[in-house]
Amino acid sequence: MRVSLFATCLVDTLTPSVAHATASLLQRLGHEVVVPRGQACCGQMHVNTGYRREAVSIVANHVRAFEGAEAIVAPSGSCVASIHHQQAAVARRAGDEGLARAAEELAGRTYELSQLLVDVLGVTDVGAYYPHRVTYHPTCHSLRLLQVGDRPYQLLRAVRGLELVELPGAEQCCGFGGTFAVKNADTSTAMLTDKMANVLSTHAEVCTAGDASCLMHIGGGLSRLRAGTRTVHLAEILASTEEAVTPQQSTKPAVTA
Amino acid sequence: MTATVPPKAPTFLGLPTAPRGVGHLRGDQSFPDAARGALRDGQLRANLGHATSTIRGKRARVVAELPDWAQLREAGRALKAATMARLDDHLEELERQVTARGGVVHWARDANEANEIVTRLVLATGASEVVKVKSMATQEIGLNEALEAAGLDVFETDLAELIVQLGDDQPSHILVPAIHKNRAEIREIFARTIPGVDPGLTDDPRKLAMAARTHLRERFLRARVAVSGANFAVAETGTLTVVESEGNGRMCLTLPETLITVMGIEKVVPTWRDLEVFLQLLPRSSTGERMNPYTSTWAGVTPGDGPQEFHLVLLDNGRTAVLADEVGREALHCIRCSACLNVCPVYERAGGHSYGSVYPGPIGAILSPQLTGVEDNASLPYASSLCGACYDVCPVAIDIPSILVHLRAEHVEAQQRPTAEGVAFKALARAMSNPRLWHLAQRAGKLGRLLSRGRPTLPNALPPPVSAWTRSRDLPTPPRETFVEQWTREHRGGRS
């Protein structure tokens with residue numbers, strides 16, 4: 001299958017290793033990966049902060065960039081949720097019915113990574129090897145808006161060498177919430193503190209998730225604590241094999257030297 | 001927020017919102033400022049964490065028992081939507097039926113009118129005190145303060161509401177107004193404020209309840225006027241309903257000569273049968289019980305039995321303005337179960353008082369700004385991480401996250417002068433709409449590499465708003481090359 005990769009603005013700019021891992025995983029599974037150069041952002045941050053008018057042209061750019069794609073994947077549940085639940089609505093509200101329909105049509109072919117792997121590509125064992133103790137944080141938008149269910153667990157359980165440990169209070173928000181983390185920094189920090197305590201209680205070496213933004217938040221806190229537990233994106237774990245452990249994977253990511 | 005300029009013409013077709021200076025819908029501080037104190041209060045966070053997780057577990061257990069919960073929830077949502085679409089007809093029918101059964105209906109545009117009506121009615125009876133059933137509507141309009149200003153004594157009879165009243169405090173939860181207090185704190189309030197209380201009072205829950213009971217029993221027996229709210233009102237029969245757990249409501253509704261009910265206009269349901277759905281949804285969602293211990297219903301007056309005078313005050317106070325907003329109107333579907341408060345990670349940490357309104361938590365974050373006009377409660381729509389837990393548990397499926405986002409946009413679009421945030425978001429939107437500009441912007445963002453001097457994370461001493469992040473979290477240093485740049489370089493000439 002030819003899969004177009006939407007890296008998302010955050011991963012593209014701050015944690016490119018996550019996008020590289022997504023691409024190499026899909027290629028290893030025998031699929032062709034396309035990265036449209038015109039891509040930028042899904043518009044979620046604008047919509048969620050109240051700038052829905054400004055988001056319309058961002059949506060238009062996204063639709064233009066991915067026009068004609070066979071299937072689209074993003075290593076971020078919240079961006080995929082925005083594509084599914086927000087893009088058409090902001091276009092429609094702005095009176096652009098054509099864009100709204102195009103966005104809807106594109107959303108029908110856009111998948112979160114675990115959904116693409118399990119539902120579309122029909123694979124749970126991706127042949128990965130990752131000899132670490134790992135706990136999984138489900139992330140709110142993947143869990144509630146996209147209902148990814150146990151797909152990430154199915155994928156992680158099939159990874160050789162990986163010891164999966166349950167995260168207490170897994171379904172509680174980590175406190176990121178886009179600009180919430182800045183506008184309500186103290187409440188966000190209080191939520192993060194409890195999330196980190198739960199992560200540390202598992203004695204996992206790695207906390208993983210399907211959202212780079214939540215991981216940046218949790219990882220940013222853990223890094224400050226110097227707790228020893230790192231955050232690694234689900235794509236990076238699935239991309240790791242005995243022959244090639246994905247090079248950049250940690251809280252301190254992405255310095256492509 | 002930056003609300004120094006009065007908003008443009010209101011979006012709500014010019015319908016009046018709740019007036020300023022009366023009632024409890026507005027706080028003195030923005031949410032982030034009010035939350036700061038609560039977040040430092042370890043005792044408060046422990047009380048809240050314990051109470052909400054207990055009630056969360058109970059709710060989840062009893063909801064899971066019902067195989068048709070999803071259908072019930074959908075029935076509740078559909079009934080509410082249909083009722084709101086013809087609210088005027090249902091209210092007129094309610095008025096006709098209440099009047100036909102010997103009650104008197106009063107229409108109050110706002111808090112001031114409602115307070116005036118109730119005060120006049122109480123004074124006309126010659127009574128000097130009233131007993132009250134716990135009621136959100138009367139808390140909303142500040143009725144106790146208005147009655148006290150008229151020289152009347154007001155006694156709350158719900159245990160938690162009594163604790164709040166005696167402690168000279170404000171409620172912090174819809175269902176459990178004193179959720180922020182623990183047993184030791186309650187014992188201290190009772191020992192200090194209840195006349196003639198047992199000097200050896202301990203913090204044993206039963207002892208505390210008995211002390212309150214002795215105190216209240218005397219008030220019930222001498223009360224001539226009672227004020228209640230209503231959980232539901234049935235239009236076709238003119239029936240009012242109060243559901244409760246302690247029996248204090250039953251006392252107030254049956255013992256006094258005069259009963260005055262203050263009810264938000266959204267509480268009406270068309271038919272008696274509709275109660276079947278809501279009386280299943282409400283107790284399981286709120287207290288985690290299969291059924292609430294007391295369900296009282298009454299219609300008008302019955303000679304020789306119960307109150308001989310019944311008044312129903314129908315309160316707008318901004319509700320028609322909410323109804324006029326096609327997205328936000330769903331907030332009026334709320335049956336005040338408080339399930340959304342109990343699952344909200346923001347409420348659990350910041351506490352109810354941080355919302356500055358009698359309606360805290362996720363539902364308060366959408367209801368209060370709509371009742372007052374969004375500029376008067378501009379920080380509330382942002383008091384959520386949009387995690388969606390509230391939508392999951394809402395028994396009438398109010399899409400709270402979408403309404404929060406909608407209200408944020410209403411606030412942003414009401415700004416008449418550009419804000420720093422607005423300028424930044426507009427510039428970012430321009431870049432994100434144009435690949436060439438976006439790549440330039442990303443390159444500029446990589447200036448962060450200079451600040452980091454080769455370290456994997458950026459330094460803490462960065463200007464706002466980044467500093468709000470780096471106070472407690474490390475930000476990764478941007479890489480030398482973005483993913484798309486590197487991919488394009490490596491696959492030049494290829495398909496990309």
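This structure is a prediction, so every number in the text was calculated from the model and none was measured.
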Inset, instruction - Below 4.5 Å from any heavy atom of chain B, which atoms of A:L192 appear? Answer side chain, backbone, both or neither. - result: side chain
Inset, instruction - Would you indicate whether the side-chain heavy atoms of A:Y51 and B:L428 approach each other to under 4.5 Å? - result: no
Legend entry - Greatest number of heavy atom pairs closer than 4.5 Å to chain B - which of A:A190, A:C41, A:G177, A:C173: A:A190
Legend entry - Donor-acceptor under 3.5 Å (A:R224 side chain, B:R473 main chain): yes
Legend entry - Interatomic spacing from CG in A:L14 to OG1 in B:T477 - rounded to 0.5 Å: 9.5 Å
Inset, instruction - Go through the atoms of A:L5 and report whether side chain, backbone, both or neither lie under 4.5 Å from a heavy atom of chain B. - result: side chain
Legend entry - Contact check, side chains of B:L386 and A:C140, non-hydrogen atoms, under 4.5 Å: no
Inset, instruction - Run the salt-bridge test on B:E485 and A:R37 with the 4.0 Å N-O cut-off and return the result as yes or no. - result: no
Inset, instruction - Let me know if B:R56 has heavy atoms under 4.5 Å from chain A in its side chain, its backbone, both or neither. - result: side chain
Inset, instruction - Please flag which part of A:A60 lies under 4.5 Å from any non-hydrogen atom of chain B: side chain, backbone, both or neither. - result: neither
Legend entry - Contacting moiety of A:Q39, where chain B heavy atoms sit under 4.5 Å: both
Inset, instruction - Spell out, as yes or no, whether a donor-acceptor pair under 3.5 Å connects the side chain of B:H491 to the backbone of A:V35. - result: no
Inset, instruction - For chain B, find which of A:G178, A:C9, A:G175 contributes the most heavy-atom pairs closer than 4.5 angstrom. - result: A:C9
Legend entry - Reported OG1-to-NE2 distance for the pair A:T13 and B:H439, which is rounded to 0.5 angstrom: 10.0 Å
Inset, instruction - Sequence neighbours left out, what passes ring-ring contact (aromatic ring centres under 6.0 Å, His included) with B:H180? Give chain and number order. - result: B:H353
Inset, instruction - Please work out which of the three classes, parallel, tilted or perpendicular, describes the rings of A:F176 and B:W469, given edges at 30° and 60°. - result: perpendicular
Legend entry - B:S385 side chain near A:M191 side chain, heavy-atom distance below 4.5 Å: yes
Legend entry - Stepwise salt bridge (Lys or Arg N to Asp or Glu O under 4.0 Å) test for A:D194 and B:R349: CA-CA 10 Å; A:D194 293 346; B:R349 273 118 195 139; 2.7 Å; yes
Inset, instruction - With rounding to the nearest 0.5 Å, note down the distance linking CE in B:M432 to NE2 in A:H46. - result: 6.0 Å
Legend entry - Side chain / backbone / both / neither for A:C174 at chain B, heavy atoms under 4.5 Å: neither
Legend entry - Interatomic spacing from CZ in B:F483 to OG1 in A:T15 - rounded to 0.5 Å: 11.0 Å
Inset, instruction - Determine which residues belonging to residues 62-85 of chain A lie within contact range of chain B, meaning some heavy atom pair is under 4.5 Å apart, and list them by number or answer 'none'. - result: A:R64
Legend entry - Ion pair B:E413/A:R52, N-O distance below 4.0 Å: yes
Legend entry - CD (A:E171) with more than 12 external heavy atoms under 6.0 Å: no
Inset, instruction - Measure the spacing between CZ of A:R144 and OH of B:Y391 and express it to the nearest 0.5 Å. - result: 13.0 Å
Inset, instruction - Pick one of side chain, backbone, both or neither for A:E54, based on which atoms fall under 4.5 Å of a heavy atom in chain B. - result: both
Inset, instruction - Considering only heavy atoms and a distance below 4.5 Å, find which of B:G448, B:A429, B:A468 pairs most often with chain A. - result: B:A429
